[in-house]
Amino acid sequence: VWLLRVEVKLSRIGLSIIQEAPLARELLYLQLELVRLEWRRNDRGIQNLKLVISDAQADCQLPGRDDARLRDRRRCESLGL
């Protein structure tokens with residue numbers, strides 16, 4: 001029997017990792033969709049933590065990064081496609 005249960009459901013959440021010094025800029029943006037977090041504790045002190053994420057995407061925001069879409073386009077151009 002679970003004595004305590006906490007559940008959080010989010011349809012979408014975005015998280016930015018920011019560098020503040022020497023110049024403020026976004027380093028990484030992470031987007032998660034259909035997130036469910038559940039924590040339970042039973043009468044014997046046993047705890048259960050469950051995290052479910054249906055979709056995740058991480059985007060590097062650094063200048064000069066190697067973007068997969070750009071890399072694919074350059075590859076196609078070099079092959080004459």
Side-chain angles (χ1 to χ4, degrees):
V1 177
W2 297 105
L3 292 179
L4 185 59
R5 179 175 176 243
V6 176
E7 183 176 25
V8 177
K9 293 180 182 180
L10 301 169
S11 62
R12 179 179 294 153
I13 187 169
L15 173 70
S16 288
I17 297 177
I18 307 292
Q19 171 185 322
E20 291 188 7
L23 178 64
R25 63 181 177 169
E26 185 176 40
L27 302 176
L28 181 75
Y29 178 74
L30 178 64
Q31 180 175 305
L32 306 174
E33 293 192 21
L34 298 177
V35 178
R36 180 177 169 201
L37 178 67
E38 182 180 5
W39 175 79
R40 301 183 295 186
R41 186 176 69 198
N42 69 11
D43 55 350
R44 295 177 304 208
I46 295 174
Q47 298 182 46
N48 180 283
L49 180 64
K50 181 176 174 180
L51 175 63
V52 178
I53 301 170
S54 71
D55 191 32
Q57 179 175 338
D59 295 317
C60 177
Q61 303 297 334
L62 294 174
R65 67 187 175 10
D66 191 11
D67 187 316
R69 284 173 281 161
L70 177 61
R71 186 173 55 241
D72 288 345
R73 188 171 63 234
R74 286 188 304 222
R75 179 179 160 272
C76 289
E77 289 170 359
S78 71
L79 295 173
L81 302 175

>> Show me the pairs that pass salt bridge (Lys or Arg N to Asp or Glu O under 4.0 Å) and involve residues 18-29, at least two apart or across chains.
In response: none
> Can you list the residues that meet the side chain to side chain contact (heavy atoms under 4.5 Å, CB included) rule with R41, with sequence neighbours excluded?
Replying inline: L4, W39, Q47
> Which residues pass the side chain to side chain contact (heavy atoms under 4.5 Å, CB included) test with A21, sequence neighbours left out?
Replying inline: none
> By side chain to side chain contact (heavy atoms under 4.5 Å, CB included), which residues pair with L15, not counting sequence neighbours?
Replying inline: L30
> In terms of hydrophobic clusters joined by side-chain contacts under 4.5 Å, are I13 and V6 together?
Replying inline: yes
> Other than L34, what residues sit in its cluster of Ile, Leu, Val, Met, Phe, Trp and Tyr side chains whose heavy atoms are under 4.5 Å apart, directly or through others?
Replying inline: none
> Partners of E33 by side chain to side chain contact (heavy atoms under 4.5 Å, CB included), sequence neighbours excluded?
Replying inline: R12, Q31, S54, D55
> Any idea which heavy atoms bring Y29 and G14 closest together, and the distance?
Replying inline: OH-CA, 3.5 Å
> Which atoms form the tightest heavy-atom contact between W2 and N48, and what is the distance?
Replying inline: CH2-CB, 3.8 Å
> Rounded to the nearest 0.5 Å, how far does CD of Q57 lie from CG of L32?
Replying inline: 10.5 Å
> Got a sec, which hydrophobics cluster with V52, joining ILVMFWY side chains under 4.5 Å apart, including via others?
Replying inline: none
>> Please enumerate all residues that pass side-chain hydrogen bond (donor to acceptor under 3.5 Å, both in side chains) together with R5, with sequence neighbours excluded.
In response: E7, E38
> Between L28 and A58, which heavy-atom pair has the shortest distance, and what is it?
Replying inline: CD1-CB, 4.2 Å
> Going from CG on L37 to CD1 on I53, what distance comes out if it is rounded to the nearest 0.5 angstrom?
Replying inline: 9.5 Å
